[in-house]
J.: 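Please read through the structure below; I'll follow up with questions.
Chain identifiers are assigned alphabetically (A, B, ...) following the order of the sequence lines, protein sequences preceding nucleic acid strands; residue numbering begins at 1 within each chain.
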Amino acid sequence: MGTDGNVRVRFAPSPTGALHIGGAHTALFNWLWARHTGGSFILRIEDTDRERSTAEYERTIMDGMRWLGLDWDEGPDKGGNHGPYRQSERMDGYRNASELLIESGRAYRDGEAIIFRVPEGEKILLDDAIYGEINVASEKASMNQDGSIKDIVLIKSDGMPTYNFAVVVDDHFMDITCVIRGEDHIANTPKQILIYRALGWEPPQFAHLPMILGGDKKKLSKRHGATSVFEYNDMGYLPDAVFNFLALLGWTPGGDVEIFDRELAARSFELSKVTKKPAVFDMDKLNYVNQEHLKAMSPEARRNAVEPFWRELGLHPEKHPEKFIEDALTLMGGRGKTTRELAEYSDYFIDFEPVKSRYDASEITPPHREVLRKFFCAIYDRFGDRDWEPARLEEFARDWCEKNNASLKEIAMPMRLALSGRKVSPGVFEMASLMGGEECKIRLSNYQFI
RNA sequence: GGUCCCAUCGUCCAGCGGUCCAGGACACCGCCCUUUCAAGGCGGCGACACGGGUUCGAACCCCGUUGGGACCGCCA
């Protein structure tokens, strides 16, 4: 496996909701395997549930995959040699296959439905690429709650195929070589193998992925917070970081490497190295991974990622030169785990308004104010509105404090507050330097510090 | 209840019979740096679920127990 160059894997979501974390994780591992082997990654839409499937969700899922950078080689939107790529368009295929089973006596009609007769006494060996060998007796592949054999519905009364049947037919005709899906499907696999056998088809290789759990160790669901990948986008997580984090759930590239890009992941990915244990989705780790990617980004990419969040705050980054914005963000350093936080923490670079609305300098006592006024006058006397170079500003400030019996802290904090409206920020002199003497004068004057 | 799966720090991963009184990362706690907060540096806390085997030797192999999970729809 793996090196024959003909690997064909697929991600087969049903369009009954947005792309959620579990689905994204599955899609991601399929993508990794396809890219690692140089094979094909196929997107198939499983829309046999007429009630719940919508075209809108189909689009949302594709958007989610694109957001994560999971490009597919064949799919409903781009075609391919193994179509159709929507189950609703392969009705004749299911029909024919089910007729074949009726003719061979392996299935029977029940009204409009077609039911597969589950054989007894057959051994089913599932050789999973991740879980290893799993043995199941055929009569246990599909049971009622009381333990009696339950035949498998192939075609529903409405004429649509059931999941277990459609998957087999699709994977067969689409030449899927390896089925990579969530571990919750492991119990379905023996049923599917039975159908492959009855049809005389060769089953693909199977690889089941460990589940992703919430903090309570239960299968991830809406009550664990964000489920759609787009909610992570809205929270300020970078697609590269979500990709990285998801890849880490059940796998590592090895060598203590934890922060990586898609290329490295694809290059070093191995199905055989995937963990069996379900993984807990840990926000703290996601935050960390996101922050690492944020720090590693190019200034331009970072600016592009943060701008939407400033706009959301009613700010207009476009009124500044791009260089200024990029420098401001670079100055922010490791502050902020997400682009949303970064935008919020750095709002004062974009506009003075948010500063005014959150800071009023009321804690500054008259004597303190007098010291500040003297200091700022001195600094403007010395530097004017230009040449605000951080190191020189700081040197001057330290020197002035020493000569005037003041502490650096007692001028730095009010200055920070006047400039940013926050008690937390990058170094004041670097901030002041970037904003420029003129803008600083406006802000300092507003608080009568000068 | 039945079937199947899983089992290393709180969490994510290393480990695939000896080099492990178990390694890295996140989180947490100290210290350093320092005009604030991050970042960064240094250090600390912290796990092989339990019991039997097999073996000269087990976190690694086998069995059992316990714990956890998934599935048991004419949903996918």
Side-chain angles (χ1 to χ4, degrees), chain A residues 12-17 23 46-49 51-53 87 110-115 126 128 131-132 134-137 139-148 150 152-167 181-191 208 210-211 213 215 217-219 245 248-259 273 275-289 291-292 295 332-337 341 345 394 397-398 401 407-417 420 422-430:
Chain A
S14 62
T16 54
E46 309 215 326
D47 55 351
T48 53
D49 183 342
E51 302 284 292
R52 302 190 298 147
S53 298
Q87 292 187 326
D110 180 11
E112 296 298 303
I114 297 178
I115 320 286
L126 163 59
D128 194 276
Y131 282 87
I134 297 169
N135 276 289
V136 185
E139 60 273 19
K140 292 191 174 168
S142 179
M143 293 183 298
N144 289 301
Q145 294 242 345
D146 63 8
S148 59
K150 182 177 171 41
I152 300 167
V153 176
L154 263 22
I155 302 289
K156 299 182 267 185
S157 299
D158 67 358
M160 298 299 272
T162 57
Y163 165 76
N164 279 126
F165 185 50
V167 170
R181 76 229 303 194
E183 187 249 41
D184 49 343
H185 283 296
I186 215 160
N188 281 320
T189 311
K191 299 176 198 172
H208 288 89
M211 296 277 87
L213 278 22
K217 304 267 187 114
K218 295 266 190 273
K219 193 174 169 180
F245 173 71
L248 244 17
L249 258 30
W251 177 74
T252 7
D256 288 343
V257 175
E258 290 204 297
I259 303 301
K273 283 176 61 189
T275 315
K276 298 178 198 152
K277 200 176 77 169
V280 173
F281 187 98
D282 181 17
M283 268 298 188
D284 284 330
K285 186 78 174 222
L286 206 213
N287 285 332
Y288 164 76
V289 172
Q291 190 176 39
E292 290 302 308
K295 285 193 290 191
M332 288 299 288
R335 277 159 276 246
K337 304 271 190 198
E341 280 183 358
Y345 297 167
E394 178 172 347
R398 286 185 189 283
C401 286
S407 71
L408 188 59
K409 194 169 187 169
E410 112 188 60
I411 57 168
M413 197 40 107
M415 186 174 175
R416 180 193 320 286
L417 254 356
S420 70
R422 296 183 184 284
K423 54 187 192 315
V424 163
S425 80
V428 266
F429 301 113
E430 290 172 291

J.: Under 4.0 Å, counting only non-hydrogen atoms across every strand here, what does Asn188(A) touch: a base, just sugar-phosphate, or nothing?
T.: base
J.: Indicate yes or no for a side-chain donor-acceptor contact from Ser148(A) to the backbone of Asn144(A) under 3.5 Å, with no hydrogens or angles considered.
T.: no
J.: Kindly say whether, by distance alone, the side chain of Ser157(A) makes a donor-acceptor pair under 3.5 Å with the base of C74(B)?
T.: yes
J.: Does any non-hydrogen side-chain atom of Glu258(A) lie less than 4.5 Å from one of Val289(A)?
T.: no
J.: Looking at every strand, decide which applies to Lys217(A) at a 4.0 Å heavy-atom threshold: base, sugar-phosphate, or nothing.
T.: sugar-phosphate
J.: Assign Leu249(A) to base, sugar-phosphate, or nothing according to its heavy-atom contacts below 4.0 angstrom with the strands shown.
T.: sugar-phosphate
J.: Using a 4.0 Å heavy-atom cut-off across all strands, classify Thr48(A) as base, sugar-phosphate, or nothing.
T.: sugar-phosphate
J.: Whom does C56(B) pair with, Watson-Crick or G-U wobble, provided both distances fall under 3.5 Å?
T.: G18(B)
J.: Does Lys285(A) put a side-chain nitrogen or oxygen below 4.0 Å from OP1 or OP2 of C13(B)?
T.: no
J.: Could you tell me whether Val428(A) contacts a base, only the sugar-phosphate backbone, or nothing, with contacts defined as non-hydrogen atoms closer than 4.0 Å?
T.: base
J.: Could you tell me whether the phosphate oxygens of C74(B), OP1 or OP2, come under 4.0 Å of any side-chain nitrogen or oxygen in Lys150(A)?
T.: yes
J.: Between Phe245(A) and Phe281(A) (judged by ring centroids, cut-off 6.0 Å), do the two rings come close enough to count as a pair?
T.: yes
J.: Look at all strands and tell whether Ser425(A) reaches a base, only sugar-phosphate, or nothing, counting heavy atoms closer than 4.0 Å.
T.: base
J.: Return the value, rounded to whole Å, for the distance between atom CG of Leu408(A) and atom C1' of U34(B).
T.: 10 Å
J.: Please pick, from A76(B), U36(B), C5(B), the nucleotide with the shortest atom-to-atom distance to any side-chain atom of Ile134(A).
T.: C5(B)
J.: Heavy atoms only, 4.0 Å cut-off, all strands: where does Gly427(A) land among base, sugar-phosphate and nothing?
T.: base
J.: Could you identify the nucleotide paired to C42(B), looking across every strand shown and requiring Watson-Crick or G-U wobble geometry with both distances under 3.5 Å?
T.: G30(B)
J.: Using the C1' atom in both, what is the distance from G53(B) to G43(B), to the nearest Å?
T.: 42 Å
J.: Answer yes or no: is there a side-chain heavy-atom contact under 4.5 Å between Leu126(A) and Ile186(A)?
T.: yes
J.: To the nearest Å, how far apart are Lys295(A) NZ and G40(B) C1'?
T.: 8 Å
J.: Return the pairing partner of U36(B) with a 3.5 Å limit on both distances, Watson-Crick or G-U wobble; otherwise return none.
T.: none
J.: Find out whether His185(A) and Tyr163(A) are in side-chain contact, i.e. whether some heavy atom of one side chain is under 4.5 Å from a heavy atom of the other.
T.: yes
J.: If the C1' atom of C29(B) is compared with that of C71(B), how far apart are they to the nearest Å?
T.: 43 Å
J.: Please classify the nucleic acid contact of Asp110(A) as base, sugar-phosphate, or nothing, using heavy-atom distances under 4.0 Å.
T.: base
J.: So does Tyr163(A) get a side-chain nitrogen or oxygen closer than 4.0 Å to the phosphate oxygens (OP1/OP2) of A76(B)?
T.: no
J.: Under a 4.5 Å cut-off applied to non-hydrogen side-chain atoms, are Ile411(A) and Cys401(A) in contact?
T.: yes
J.: With a cut-off of less than 4.0 Å, is there a side-chain N or O of Thr162(A) near OP1 or OP2 of A76(B)?
T.: no
J.: Hey, is the main chain of His208(A) close enough, under 3.5 Å, to the side chain of Asp128(A) for a donor-acceptor pair?
T.: yes
J.: Answer yes or no: does a side-chain N or O of Lys218(A) lie under 4.0 Å from OP1 or OP2 of G69(B)?
T.: yes
J.: To the nearest angstrom, how far is Met415(A) atom CE from U35(B) atom P?
T.: 14 Å
J.: What is the nucleic acid contact for Arg422(A), judged by heavy atoms within less than 4.0 Å: base, sugar-phosphate only, or nothing?
T.: nothing
J.: Touch check for Glu46(A), heavy atoms < 4.0 angstrom, all strands: base, sugar-phosphate only, or nothing?
T.: sugar-phosphate
J.: When the C1' atoms of G2(B) and C61(B) are considered, how many whole Å apart are they?
T.: 30 Å
J.: Please give, in whole Å, the distance from C5(B) C1' to Asn135(A) CG?
T.: 13 Å
J.: Quantified in whole Å, what is the P atom distance between nucleotide C45(B) and nucleotide G24(B)?
T.: 12 Å
J.: For atom P, what is the distance between C62(B) and C75(B), given to the nearest Å?
T.: 40 Å
J.: Mind checking Ala279(A) for me? I need base, sugar-phosphate or nothing, with any heavy atom below 4.0 Å counting as a touch.
T.: sugar-phosphate
J.: Between U3(B) and G18(B), how many Å separate the two C1' atoms, rounded to a whole number?
T.: 39 Å
J.: For atom P, what is the distance between U54(B) and G46(B), given to the nearest Å?
T.: 34 Å
J.: Please give, in whole Å, the distance from G40(B) C1' to Met332(A) CE?
T.: 17 Å
J.: Using a 4.0 Å heavy-atom cut-off across all strands, classify Ala187(A) as base, sugar-phosphate, or nothing.
T.: sugar-phosphate
J.: Confirm from the modelled atom types if Lys219(A) and A70(B) form a donor-acceptor pair under 3.5 Å, side chain to base only.
T.: no
J.: Under a 3.5 Å cut-off for both distances, is G23(B) Watson-Crick or wobble paired, and to whom?
T.: C13(B)
J.: By the 4.0 Å heavy-atom rule, please label Lys191(A) as base, sugar-phosphate, or nothing.
T.: nothing
J.: Paired with U3(B): which nucleotide, if any, by Watson-Crick or G-U wobble criteria at under 3.5 Å for both distances?
T.: A70(B)
J.: Taking any heavy-atom pair under 4.0 Å as a contact, classify Glu394(A): base, sugar-phosphate, or nothing.
T.: base
J.: Could you tell me how far C37(B) sits from A49(B) if I compare only their P atoms? Round to whole Å.
T.: 41 Å
J.: Give a yes/no on whether any side-chain N or O of Lys156(A) is located under 4.0 angstrom from OP1 or OP2 of C75(B).
T.: yes
J.: Using a cut-off of strictly less than 4.0 Å, decide whether Lys140(A) has a side-chain nitrogen or oxygen near OP1 or OP2 of C71(B).
T.: no
J.: Please find the pair of heavy atoms, one from Arg416(A) and one from Pro426(A), that lie closest to each other, and give the distance.
T.: NH1-O, 3.1 Å
J.: As an exercise, state the distance from CZ of Arg335(A) to CD of Gln291(A), rounded to the nearest 0.5 Å.
T.: 10.5 Å
J.: Taking the nucleotide of RNA chain B with the nearest heavy atom to each, does Glu258(A) or Ala412(A) sit closer to the 5' end?
T.: Glu258(A)
J.: Is the shortest side-chain N/O distance from Lys409(A) to OP1 or OP2 of U34(B) below 4.0 Å?
T.: no
